[in-house]
Amino acid sequence: MNIETIAIQAGRDQDPETGAVMPPIHLSSTFVRGNAGDYIYSRSDSPNRRALEECLTALEAGGADACTFGSGMAAVASVFQALKAGDHVILPDDTYFGVRKLVSELLGKWGLTHTMVDMTDLEAVSAAMQANTTLVWAETPSNPMLKVTDVAAVAEIAHARGAKLGVDATWCSPLLQQTLKLGADYVVHSTTKYLGGHSDLTGGVVVTRTVDDDWTDIREQQEFGGAVPSGFDCWLLLRGIRTLPYRMRGHCDNAMKVAQFLEQHPAVATVHYPGLASHPQHAVAAKQMQGFGGMLSVQVKGGAEAADRVAGKTEIFWRATSLGGVESLIEHRAPVEGEGTKTPMDLLRVSVGLEHPDDLIADFEQALS
Ligand SMILES: *Cc1c(COP(=O)(O)O)cnc(C)c1O
């Protein structure tokens, strides 16, 4: 089946009691023993979550199973918490700042060691591999510089040394990159973003290529770590996923138009968008992505002050963090990331939504003038 059909049909059942076409929301925390679904307690499994995990497994090409969580960070944490004290991990030096904090501060205390490298530099990745490296972590496109990692090449480096590769592909969703088919062992999405698509829930998922002992550990992190999504959130997320393929097409089309407009604007210094020929990893992006996404960053002339002024002047692009919703958002990123950030002070991160592209361009036109 094609992806549009999978997005609508996977995890779908007619309600046997009522014939309802859309699933009921199950809020019950517990279930009477001997029920048809073998449900016991909703931290372990629940009807809306099972349907959601079925859909997410089907949607991710090459996926064998999926674990959903109450946030993207809980999904990321489950992968790292399944490692052992003394293990070494390699991370991108521009990884999502929550992941940086989790690995360097929280899990450092538990004996996890790490090295941060530029993931677009394959020699640096190879050089950072140690005998105890069990996981290489990548994020592509990266946040907020939109650096693109060659997933197949990094998978080869990790696997040659007996390590696994986990990829945070939140900015692609399962639609724009077949991350597991490229060789990753796990793909993680913050479902808060494109998968949910409407900025009305937080969630996360890990999808695995193989069901093995490591996967059992991640499944146990879900059950005993307990950061599980509610029945209502699972229902909302599944509802959002039904339109994902069409939404992603709109995000990609609009972002390309906005990127092209910004690139030729005299008040703009640089546009970071993998779809532009000027992007340093455009060739890798064109090879491994089925679309270039709805996220872009723009560096404006005039430094931090100019960036702040533009973000304050846009009217359709609301000034807020997060991304992947139907509505367009803009954020002056460096101040949000705080001390130690490598993000340039003149950078605005933009989530291009599904409004008409001409209106989005007109909004930037007036804000930059
Ligand atoms: C938002 C985001 C996360 C964290 O997800 P939450 O749902 O906010 O916990 C992780 N990685 C990337 C790339 C993100 O954009």
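Counting starts at 1 for both ligands and their atoms, in listed order. Keep in mind that this is a model prediction, so the values were computed, not measured. Note that these values count all heavy atoms, side chains included, but never hydrogens, waters or copies made by symmetry.
Considering backbone and side-chain N/O atoms, Val76 never comes within less than 3.5 Å of an N/O atom of ligand 1. Every N/O-N/O distance between Asn143 and ligand 1 stays at or above 3.5 Å. Note: an N/O pair closer than 3.5 Å links Ser190 and ligand 1 by distance alone.
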For residues 153-162, please give each side-chain donor-acceptor pair under 3.5 Å, one per line with the distance, not counting sequence neighbours.
| residue | atom | partner | partner atom | Å |
| --- | --- | --- | --- | --- |
| His159 | ND1 | Ala155 | O | 3.3 |
| His159 | NE2 | Asp185 | OD2 | 2.7 |

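Between Asp93 and Arg100 there is no salt bridge, since no side-chain N of the basic residue sits under 4.0 Å from a carboxylate O of the acidic one. Contact check on Lys84 versus Asp217 returns no salt bridge, with no Lys/Arg side-chain nitrogen under 4.0 Å from an Asp/Glu carboxylate oxygen.
Of the protein's non-hydrogen atoms, Lys193 NZ, 3.0 Å is the one closest to atom 14 (C) of ligand 1. For atom 6 (P) of ligand 1, the closest heavy atom belonging to the protein is Gly72 N, 3.4 Å. Ranking protein heavy atoms by distance to atom 9 (O) of ligand 1, first place goes to Met73 N, 2.8 Å. In terms of protein heavy atoms, atom 8 (O) of ligand 1 is closest to Tyr96 OH, 4.0 Å.
Side chain of Ser351 to backbone of Gly324: a donor-acceptor contact under 3.5 angstrom is found. Of the possible donor and acceptor atoms, one in the side chain of Gln366 sits under 3.5 Å from a partner among the backbone N and O of Lys313. When atom types are taken as modelled, the side chain of Asn132 and the backbone of Gly86 share a donor-acceptor pair closer than 3.5 angstrom. A donor-acceptor pair is defined here as one N or O able to donate and one able to accept, closer than 3.5 Å; no such pair exists between the side chain of Thr95 and the backbone of Pro92. Counting only distance, with no hydrogens or angles, the side chain of Glu53 and the backbone of Thr68 share a donor-acceptor pair below 3.5 Å.
Interface of Gly203 with ligand 1, defined as ligand atoms under 4.0 Å from a residue heavy atom, comprises 7 (O). Atoms of ligand 1 lying under 4.0 Å from any heavy atom of Ser71, numbered from 1 in the order shown and given with element: 7 (O), 9 (O). Under a 4.0 Å criterion applied to the non-hydrogen atoms of Trp171, ligand 1 contributes the atoms 13 (C), 15 (O). Which parts of ligand 1 touch Thr192 is read off a 4.0 Å heavy-atom cut-off, strictly below it: atoms 7 (O). The contact set between ligand 1 and Glu139, taken as ligand atoms under 4.0 Å from a residue heavy atom, comprises 13 (C).
Counting heavy atoms under 4.0 Å from ligand 1, residue Thr202 does not touch it at all.
Ring to ring, Phe80 and Trp137 are close: their centroids are under 6.0 angstrom apart.
Connectivity analysis of hydrophobic side chains (ILVMFWY, heavy atoms under 4.5 Å, direct or indirect) links Ile40 to Tyr41.
Residue contact check for ligand 1: Ser322 places no non-hydrogen atom closer than 4.0 Å to it. Residue contact annotation: Asp168 has a non-hydrogen atom under 4.0 Å from ligand 1.
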